[in-house]
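The block underneath contains the structure these notes are about, expressed in structure tokens.
Only a predicted model underlies this, so the values are computations on that prediction, with no experimental measurement involved.
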Amino acid sequence: MIYEVSRGYLSRFSVLMFALWPLMVVADDKGMVMSRSSIPFKIDIEPGDKASLVNVSTSTQYVFIDSQRQPAKLRLFHLNGNEVEAFDERSREKFDNTVYGKESYVPLPPGQRLPLMKIDLHREDGYVEGRIGPYRFVLRPGKYVAIAEWVSERNDYLDESGRALKHKKVWLGTVQSEKFELDVH
């Protein structure tokens, strides 16, 4: 294994650098600030270096997760607080961004989970390449602070007759996991 994921001890310096990270509030699609308790989801980091979206609300939520049209993202930070830039492979591809059919929005019952991403790192000559969905990272060995993030920003779709419609039961906003440490060897 060329890296380790842990939720354990972070240095005082890294804790200080991320003390102002917005863990208690987020903005919804209208820019309004709301508390974490009003977000119907959480992201769990699981064994096997995977992240899942979990419905923590009391009602079924409808979600659209797609590696091209609405991917989850792993945000990585150096211990000094600077974010590692990720290259988005979609920027050099042509693809259809249309959501076809209301059934593209999957029902997620309370307490259930859906896979969001797998952290995939490969050793190259003197560095490690990270691939998470369409995002690519070039990393040097060391410790990083990571956050899995999913932005639900779509509720649009085309029905079978080609009409543009909106799914009215889709929550729009940003969900982030708790910070965790990624140790790249």
Do [X] and [Y] sit in the same hydrophobic cluster, where Ile, Leu, Val, Met, Phe, Trp and Tyr count as joined when their side-chain heavy atoms come under 4.5 Å apart?
{"X": "Ile45", "Y": "Val54", "result": "no"}
{"X": "Val175", "Y": "Leu114", "result": "yes"}
{"X": "Tyr144", "Y": "Phe180", "result": "yes"}
{"X": "Leu108", "Y": "Val56", "result": "no"}
{"X": "Ile43", "Y": "Val151", "result": "no"}

Residues Tyr135, Arg90; criterion side-chain hydrogen bond (donor to acceptor under 3.5 Å, both in side chains); working and verdict: CA-CA 8 Å; Tyr135 302 105; Arg90 298 173 299 168; 3.2 Å; yes

Please work out whether the ring planes of Tyr157 and Tyr105 are parallel, tilted or perpendicular, with thresholds of 30° and 60°. perpendicular

Exercise: identify the closest heavy-atom pair between Thr60 and Pro107: CG2-CB, 3.8 Å

Closest heavy-atom pair and its distance - Pro110, Asn55: N-ND2, 3.4 Å

Any donor-acceptor N/O pair, [X] side chain to [Y] backbone, under 3.5 Å:
{"X": "Ser152", "Y": "Trp171", "answer": "yes"}
{"X": "Ser57", "Y": "Ser59", "answer": "yes"}
{"X": "Asn80", "Y": "Asn82", "answer": "yes"}

Kindly check if the number of other-residue, nucleotide or ligand heavy atoms within 6.0 Å of CZ (Arg136) is above 12? yes

Exceeds 12 heavy-atom contacts within 6.0 angstrom, atom CD of Glu124: yes

For Lys102, what residues pass the salt bridge (charged side-chain N to carboxylate O under 4.0 Å, His left out) criterion, not counting sequence neighbours? none

CG/Leu139 to CD/Glu129 distance, rounded to the nearest 0.5 angstrom? 9.5 Å

As an exercise, state the distance from OG of Ser104 to CD of Gln70, rounded to the nearest 0.5 Å. 11.5 Å

